[in-house]
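Labels below follow one simple rule: chain letters A, B, ... track the order of the sequence lines, proteins then strands, and each chain is numbered from 1.
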Number of protein chains: 4
Amino acid sequence: MPKVTDEHRTARRSQIVEAARRCVIAQGFHKTTMADVIKESGLSAGAVYSYFKSKEELVAAIADEALGSVDQVFRAILASAEPVTPVNALRTALEYVVTAAEGPEGDVTRVGVQAWAEALHNEAIYATASSKYALLRGYFVDVADRAKADGTIAADADSQQVAQVLFGLIPGFVLQRLILGDVTPAGYTAGLAALIR
Amino acid sequence: MPKVTDEHRTARRSQIVEAARRCVIAQGFHKTTMADVIKESGLSAGAVYSYFKSKEELVAAIADEALGSVDQVFRAILASAEPVTPVNALRTALEYVVTAAEGPEGDVTRVGVQAWAEALHNEAIYATASSKYALLRGYFVDVADRAKADGTIAADADSQQVAQVLFGLIPGFVLQRLILGDVTPAGYTAGLAALIR
Amino acid sequence: MPKVTDEHRTARRSQIVEAARRCVIAQGFHKTTMADVIKESGLSAGAVYSYFKSKEELVAAIADEALGSVDQVFRAILASAEPVTPVNALRTALEYVVTAAEGPEGDVTRVGVQAWAEALHNEAIYATASSKYALLRGYFVDVADRAKADGTIAADADSQQVAQVLFGLIPGFVLQRLILGDVTPAGYTAGLAALIR
Amino acid sequence: MPKVTDEHRTARRSQIVEAARRCVIAQGFHKTTMADVIKESGLSAGAVYSYFKSKEELVAAIADEALGSVDQVFRAILASAEPVTPVNALRTALEYVVTAAEGPEGDVTRVGVQAWAEALHNEAIYATASSKYALLRGYFVDVADRAKADGTIAADADSQQVAQVLFGLIPGFVLQRLILGDVTPAGYTAGLAALIR
DNA sequence: TATGAATGAGGATTCATTCAT
DNA sequence: CATGAATGAATCCTCATTCAT
């Protein structure tokens, strides 16, 4: 019984998180009520509360997912054998962002932006954001190191600083995409390439 | 009577906005209640509501300010006679951001991040954000044009794309500053400079 | 100074009552706020409150007027030398009601209906309504007496009861006019005439 | 579960409406606060709001009931086989009114008068009042037709007009009963009878 | 005296969470 | 175990009235 129950529990949990995410994408964390999530998930109030003991916990779960989703892909792609220049790394990251944003789950980047705001006043989400972003930015340190190694950038450059910039370009892209709506991975990458040379 | 009254009204309005901003910086838009603002402002409920007819309107006013405050400075500085390279423009912008963030009013960038999230589900704030950010990014188009003119970047570069990148670096800085806490205008600028050559 | 001031005061008072009546006709007693009355009257809050020391007092003044306005006309007309049969008396009364209702002041009968409701929970208005309606109904006792005298109705009829019926027909007319909108003095009177013979 | 739940829901709803009616009878629509209704009903705010989504909706429900309650009885009684003369019909109606008014539920006619006033500025209540009163008055058209048939009134009388008068006598009775307090079905009916002959 | 800005108690409504069935 | 009705504290907002200028 344990295994079946476990799968069942996992499926249920996902069902709730996905429903909640849909609500949050559509209305944001605060306009989304537990009643909305309950209705959207098709479960009962009691059921939802047996998986998440408060709205805060559920919100944290959604935020975690949204903030962390990039990670897996990053690891795979940036750790590949291909020549990973800063520009390529950025493009890959942005392309993933757009793919995720246009996926069938709805635009996860909207949840991400919500999470940024939430992190400022919510310990748990702050902690998640800090650690996930530190991790993510770490990949760009690798990228910077490689770039120094192959002479793409100066050997005495500070890889941390370069990583800050490369990583920092991503929120800027996400925000412009959502609020100004006129950026593309290709164009944005071209902009960076133009600056670099 | 008009003049005194007008000044008075303006002062009162500021008194409210400032109180509200303090609350929002401390707790975010949603945890801030009108009662908080009323208490913090030292006025009565009725008085506050005679200046802002709803919480939404007050929130919009704070968001407007937070999103727009950069503008004035930008105009002055970027339009100066000094040689304005992309790197210099960015540094100036970031220095302003940090100055504002560390000002006596409290860290306005926190309000800015709140506003990003809010813009996704609030027409009025979305409109403000769109227009202010389009304007702001416009300054970087000028910067890019100058850079093309003096050979800092390739003459056939797309100024819009370059501006997207330069402008995009700012939210990335703000976010890292708030969530990772380890970025400085100097370091971030150095990172960009290292990438550029 | 007294006289001028007195006229002035009377004029001001009327100005307020008329403004208030317009508001009440449009929105009812309860949706009408003192702010509405103040704006409509063109005076200041202080001025309005120097004539009526509370909303209740102002409301009472409007109700008084609305409940009592019929009286003057009644006295004049019913006390005339003409042959005043029950049917004629009713018609005259209804014609006056319609005239007043269609007057330039707006439909006063709407205020009357408000006053009925208000009288149930407002001592002052209840007192006014009782006395005005007792007075008004009194005229119909006269009418009944005359009718008994000239054989229009049985000599042993109870004039009070007849007056109750004749007077009672008026609210019924007012209400049907406002809510069903299809009654006229002529038709209603014809209905009574048909019943009588 | 459906059946129990349904009965339960109906009972709860009645519990709320009855509590609200008691409040309205005692204080009128506007002085009655939701807090009053909540306390009087013995339920919680949330419970009350799960049955009526606003005070307006609850008020409309009470008004509906008050305006419509006569109907059922009318239908039964006026449609009976007994000889239904205008005078008898009126008496029956008035007796029902008094019975209802003196019932254990409290004086519903007070709610009715409130509803008249409310109908003037509330679409929903206006609609209810119009349709219920049109219906009610319709019964008196039948009465008039019968009276024409058996010669009680002239064959060429306009039944609509006669119905307007007969129906119109009721509000007049209700109002005099509440405000002057000296009418009885018997006396009022006698007054009409005296006029008729 | 006249003004109208300010007051603040009071009212309607929401919603995260619980727990009896 | 699951359900979803019920809870009630918390929140936004209004408006009659006052009083400093």
Enquirer: Give the residues of residues 48-56 of chain D touching DNA chain E, defined as any heavy atom closer than 4.0 Å, sorted by residue number.
Expert: D:Tyr49, D:Ser54, D:Lys55
Enquirer: Output one line per pair: protein atom, nucleotide atom from nucleotides 19-21 of chain E, and distance, for all N/O pairs under 3.5 Å.
Expert:
none

Enquirer: Let's see if you get this right: which residues in residues 18-39 of chain D place a heavy atom under 4.0 Å from DNA chain F?
Expert: none
Enquirer: What residues form a salt bridge (charged side-chain N to carboxylate O under 4.0 Å, His left out) with B:Arg110, not counting sequence neighbours?
Expert: none
Enquirer: I want to verify a distance call: between E:dG8, F:dA6, F:dT3, whose nearest atom is closest to the A:Ala47 side chain?
Expert: F:dT3
Enquirer: Check whether D:Gln114 reaches the backbone of D:Phe29 with its side chain - one donor and one acceptor, N or O, closer than 3.5 Å.
Expert: yes
Enquirer: Determine yes or no for a side-chain-to-main-chain donor-acceptor pair under 3.5 angstrom, with D:Lys39 supplying the side chain and D:Ser44 the backbone.
Expert: no
Enquirer: With sequence neighbours excluded, what pairs up with C:Thr109 under the side-chain hydrogen bond (donor to acceptor under 3.5 Å, both in side chains) test?
Expert: C:Asp107
Enquirer: Please list, chain by chain and in numerical order, all residues satisfying side-chain hydrogen bond (donor to acceptor under 3.5 Å, both in side chains) with B:Ser131, sequence neighbours excluded.
Expert: none
Enquirer: Show me the side-chain donor-acceptor pairs of residues 14-21 of chain B shorter than 3.5 Å, one per line, residues at least two apart or across chains.
Expert:
{"unit_1": "B:Ser14", "atom_1": "OG", "unit_2": "B:Thr10", "atom_2": "O", "d": "3.1"}
{"unit_1": "B:Gln15", "atom_1": "OE1", "unit_2": "B:Arg12", "atom_2": "NH1", "d": "3.3"}
{"unit_1": "B:Gln15", "atom_1": "NE2", "unit_2": "B:Ser41", "atom_2": "O", "d": "3.1"}
{"unit_1": "B:Arg21", "atom_1": "NH1", "unit_2": "B:Glu65", "atom_2": "OE1", "d": "2.3"}
{"unit_1": "B:Arg21", "atom_1": "NH2", "unit_2": "B:Glu105", "atom_2": "OE2", "d": "2.7"}

Enquirer: Quick check against the 3.5 Å criterion: does D:Ser130 have a side-chain atom that pairs as donor or acceptor with the backbone of C:Ile179?
Expert: yes
Enquirer: Using Watson-Crick and G-U wobble pairs whose two distances are both under 3.5 Å, how do you write the pairing of DNA chain E as dot-bracket, with | for links to another strand?
Expert: .||||||||||||||||||||
Enquirer: How would you list, by chain and number, every residue that makes a ring pair (Phe, Tyr, Trp, His ring centres under 6.0 Å) with B:His30, sequence neighbours excluded?
Expert: A:His30
Enquirer: Can you sort out the partners of B:Asp64 under side-chain hydrogen bond (donor to acceptor under 3.5 Å, both in side chains), two or more places apart, ordered by chain and number?
Expert: B:Thr128
Enquirer: Taking all non-hydrogen atoms of both residues, which atom of D:Lys31 and which atom of D:Asp36 are closest, and how far apart?
Expert: O-OD2, 3.6 Å
Enquirer: Just to verify, what does D:Ser50 make a side chain to side chain contact (heavy atoms under 4.5 Å, CB included) with, not counting sequence neighbours?
Expert: none
Enquirer: I'd like to check the salt bridge (charged side-chain N to carboxylate O under 4.0 Å, His left out) partners of D:Glu56; sequence neighbours left out, ordered by chain and number.
Expert: none
